[in-house]
Amino acid sequence: MEVASIPAKKKAKTNGMVVNKWTGKVYSRRYHEILEKRRSLPVWFQKDEFLQTLRNNQTVILVGETGSGKTTQIPQFVLEAVHVEAEKNPRKWLVGCTQPRRVAAMSVANRVAEEMDVSIGEEVGYTVRFEDCTSSRTVLKYLTDGMLLREAMTDPLLQRYKVIVLDEAHERTLATDLLFGLLKRVLRNRPDLKLVIMSATLEAKKFLEYFSGAPLMKVPGRLHPVEILYTQEPERDYLEAAIRTVVQIHMFEPPGDVLVFLTGEEEIEDACRKIVNKLGDQVNVVPLYSTLPPVMQQKIFDPSPENRRKVVVSTNISETSLTIDGIVYVVDSGFAKQKIYNPSNRVESLLVSPISQASAHQRAGRAGRTQPGKCFRLYTEKSFNHDLQSQTYPEILRSNLANTVLTLTKLGIDNLVCFDFMDPPAPQTLARALNDLVYLGALDDEGNLTKEGEMMSEFPLDPQMAKMLIVSPEFNCSNEILSVSAMLSVPNCFIRPKGEAQKEADEAKARFGHIDGDHLTLLNVYHAYKQNNEDMKWCYENFINHRAMKSADNVRKQLMKIMSKFNLKICSSDFNNPNYYVNIRKALLTGYFMQVAHLDRTGRYLTAKDDQVVHLHPSCCMDHKPEWVIYNEYVLTSRNFIRTVTYIRGEWLLDVAPHYYHLPNFPNSETKRILEKLYNKRERKNLE
DNA sequence: GAGCACTGC
């Protein structure tokens with residue numbers, strides 16, 4: 001790359017005005033204004049150093065704290081370098097930059113388009129699920145990490161790209177972790193491809209070892225100093241301590257907004273009430289969590305009336321996804337709800353657990369964005385140093401990997417044990433995932449992808465759901481299974497306000513209720529929504545979340561497209577056919593036969609094979625307890641609940657999943673004895 | 001008779 005020649009090219013002028021090499025137009029005034037600001041960003045002081053490093057290495061690791069400008073500037077630097085080379089080589093090359101979140105990919109792309117004085121979707125674009133805002137002119141593309149992984153499925157060597165920038169690598173999302181291993185392989189086969197790993201704080205040593213030989217470049221951030229204050233003694237009750245701290249900040253500290261980190265919706269609402277009880281309208285208290293409607297979320301950005309102090313009580317959402325300016329004080333409870341996966345019973349659950357040191361660091365940083373701040377940690381310094389792990393466990397170690405294994409297999413990784421994971425998952429987790437995929441028919445006994453598995457891997461869904469979609473035409477109900485799948489893929493559509501309207505909401509929900517279960521209830525809701533022309537008012541009157549429905553419709557369209565691609569028939573039984581719902585329930589079971597529970601003689605449900613005692617979730621719409629049910633989710637909270645449950649018949653298990661309900665290798669249990677009876681009954685029938 | 005940290009394809 002001829003980095004040195006860049007300034008010369010910039011001198012192309014018309015009437016003394018500098019011309020934008022991308023559009024051939026004279027740069028706007030706005031461009032020059034922004035350029036001035038860009039030049040003061042910390043990364044600009046290391047621009048030449050970065051380009052030099054990139055020229056001499058295939059992989060570069062760049063660590064830059066918040067405010068360094070790396071996400072917007074580095075891809076543009078890369079582009080300059082690549083463009084110089086591309087002029088000699090007319091082949092089309094793309095610079096791709098991944099983000100863990102859709103919103104970030106879209107907003108950063110918009111910002112960079114503005115900085116480059118081009119229209120979004122032209123030279124600079126983005127690709128996220130449901131939206132591809134790029135064109136044949138695009139040279140710089142922001143995309144979600146999951147999207148790049150998808151692209152790798154059809155383009156294993158990522159031939160369209162000349163440079164890939166993996167941003168926010170420290171977050172260690174599942175997709176980013178898979179891309180690490182994948183890209184290492186691709187780099188070996190494509191000496192011309194370059195990779196830039198960008199991260200806030202990271203376990204530098206671990207990254208350097210993993211990308212052996214890659215140089216590490218550090219860029220300072222532009223944060224104001226944040227004073228860290230610990231408690232002298234461990235706090236017994238972090239909620240009470242958090243409220244007390246907010247009151248103290250309000251009474252003794254100079255003006256400035258407060259951000260409190262707690263763990264969940266209920267706790268946050270509770271804390272907000274208590275703070276209001278203590279301080280009344282001296283402060284402006286605002287809750288913040290993901291399920292809050294966007295209008296309410298927007299409230300955190302509104303200036304407080306009469307310059308009152310704002311207190312934002314938030315979940316982890318403001319640690320990564322949302323940035324609130326003007327925060328001067330952070331109160332860190334030291335806890336967050338985190339996903340835990342237990343491979344032995346395949347249960348994912350949310351558990352309130354201590355955060356990592358890296359996470360605590362990130363939280364503290366939120367206090368220093370606009371001026372020097374203070375962070376009150378509700379734990380002791382000793383606890384910080386000795387009890388908190390340095391980094392949060394990467395997601396890959398906390399997830400069910402069935403989908404991951406399917407993706408990797410599709411990507412041509414046939415020996416998972418040899419795959420170069422930065423943190424290899426537990427062998428038991430991988431084994432369980434492989435097993436499940438064999439049961440689902442996605443892999444054969446040798447672990448090779450089957451034709452069906454090939455199709456399943458193309459659906460952006462869990463393998464069970466993909467399976468039920470693929471078989472649904474055989475049950476003449478793919479239309480209905482598409483709708484159910486879409487509804488299961490979006491947030492809960494039922495709104496249940498606290499207080500007086502609750503009863504009304506429950507009655508509204510009951511009107512959609514289907515006697516045979518929740519999956520069919522969801523189908524009823526979807527049908528009613530369409531019959532009422534997707535009307536917002538109708539949703540409001542029926543306590544249905546309009547956003548969720550719109551998003552379900554979107555998902556449904558995407559899934560239908562994939563179905564058509566494989567020539568899977570889109571069909572329905574006649575609604576008056578007595579088997580209309582039977583067919584749907586059988587199709588559901590063909591995907592979810594591993595998530596079945598049986599009612600024992602004492603009136604408890606036991607999961608098939610694992611024999612765990614589970615309870616119907618109170619949100620379940622069935623007014624009776626059928627002998628056999630399938631469930632969509634196993635949730636571990638105050639009790640073991642199964643949620644979204646539908647009635648099935650035991651005999652169907654023998655038809656739909658004889659390999660899974662093969663008795664010789666079934667553990668001894670009441671369920672097994674019942675299954676034996678079913679098999680015997682069937683045999684007698686066959687003999688008659 | 002209870003809940004959904006947060007993402008993503």
Side-chain angles (χ1 to χ4, degrees), chain A residues 98-105 127-132 143-154 168 171-179 261-270 288-292 314-322 333 335-340 348-355 359 362 392 394-396 398-399 403-404 406-407 410-411 456-463 465-466 485 489-498 502 506 545 548 551 554-555 558-559 561-562 615-621 623 633 635-644:
Chain A
T98 68
Q99 296 292 317
R101 281 166 290 279
R102 292 166 48 105
V103 192
T127 307
V128 297
R129 187 182 186 184
F130 305 130
E131 205 183 340
D132 182 8
L143 71 174
T144 48
D145 48 9
M147 202 70 217
L148 185 61
L149 204 55
R150 286 273 143 188
E151 287 186 5
M153 282 167 121
T154 47
E168 313 287 3
E171 288 195 25
R172 302 288 307 276
T173 65
L174 200 42
T176 294
D177 263 24
L178 298 185
L179 285 169
F261 282 102
L262 293 177
T263 68
E265 170 174 346
E266 209 169 335
E267 189 181 86
I268 285 168
E269 293 292 353
D270 188 30
L288 178 61
Y289 41 86
S290 73
T291 49
L292 209 60
S314 168
T315 61
N316 250 0
I317 191 170
S318 32
E319 192 183 309
T320 50
S321 315
L322 268 171
S333 65
F335 287 93
K337 274 192 195 172
Q338 282 172 307
K339 188 173 75 183
I340 313 278
E348 279 184 346
S349 47
L350 279 175
L351 213 66
V352 174
S353 35
I355 59 169
S359 203
Q362 201 71 19
T392 309
E395 197 184 358
I396 198 165
R398 299 183 281 121
S399 310
N403 206 10
T404 304
L406 186 61
T407 306
K410 166 74 187 173
L411 289 166
M456 285 161 72
S457 72
E458 296 232 5
F459 285 92
L461 301 170
D462 279 340
M465 204 183 279
S485 301
S489 303
V490 300
N492 185 8
C493 68
F494 296 108
I495 295 169
R496 196 168 189 236
K498 290 197 182 69
Q502 200 166 80
D506 288 344
N545 182 343
S551 142
N554 226 346
V555 173
Q558 189 190 25
L559 299 180
K561 227 164 122 186
I562 301 171
H615 306 272
L616 293 184
H617 194 272
S619 64
C620 178
C621 72
D623 56 3
E633 257 181 313
V635 285
L636 193 60
T637 49
S638 56
R639 296 166 95 183
N640 295 338
F641 288 111
I642 48 176
R643 190 161 50 194
T644 315

Is [X] touching bases, backbone alone, or none of the nucleic acid, heavy atoms closer than 4.0 Å?
{"X": "A/V352", "answer": "nothing"}
{"X": "A/R102", "answer": "sugar-phosphate"}
{"X": "A/T173", "answer": "nothing"}
{"X": "A/F459", "answer": "nothing"}
{"X": "A/N492", "answer": "base"}
{"X": "A/R129", "answer": "base"}

ask   = Who are the side-chain hydrogen bond (donor to acceptor under 3.5 Å, both in side chains) partners of A/R398, not counting sequence neighbours?
value =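 Result, side-chain hydrogen bond (donor to acceptor under 3.5 Å, both in side chains) vs A/R398: none returned.
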key: Listed partners of A/R150 passing side-chain hydrogen bond (donor to acceptor under 3.5 Å, both in side chains), at least two apart   =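 side-chain hydrogen bond (donor to acceptor under 3.5 Å, both in side chains) list for A/R150, sorted by chain: empty.
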message = Any carboxylate oxygen within less than 4.0 angstrom of a Lys/Arg side-chain nitrogen, looking at A/R101 and A/E171?
response =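 Salt bridge present between A/R101 and A/E171.
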ask   = Quick one: side chain to side chain contact (heavy atoms under 4.5 Å, CB included) partners of A/D270, sequence neighbours excluded?
value =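 Counting only residues at least two positions away or on another chain, A/D270 forms a side chain to side chain contact (heavy atoms under 4.5 Å, CB included) with A/L239, A/R273, A/K274.
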query = Of all nucleotides in DNA chain B with an atom under 4.0 Å from a non-hydrogen atom of chain A, which is the first and which the last going 5' to 3'?
reply =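 Result: B/dG1 to B/dC9.
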inquiry  = If you assign A/R398 and A/N403 each to the DNA chain B nucleotide with the nearest heavy atom, which residue ends up on the more 5' nucleotide?
reply    =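 Nearest nucleotide further toward 5': that of A/R398.
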inquiry  = Under the rule for ring-ring contact (aromatic ring centres under 6.0 Å, His included), what residues qualify as partners of A/F335, not counting sequence neighbours?
reply    =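 ring-ring contact (aromatic ring centres under 6.0 Å, His included) list for A/F335, sorted by chain: A/Y238.
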task = For A/F459, check ring-ring contact (aromatic ring centres under 6.0 Å, His included) against everything at least two apart and list the hits.
result =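 Scan of A/F459 (ring-ring contact (aromatic ring centres under 6.0 Å, His included), adjacent residues dropped) gives none.
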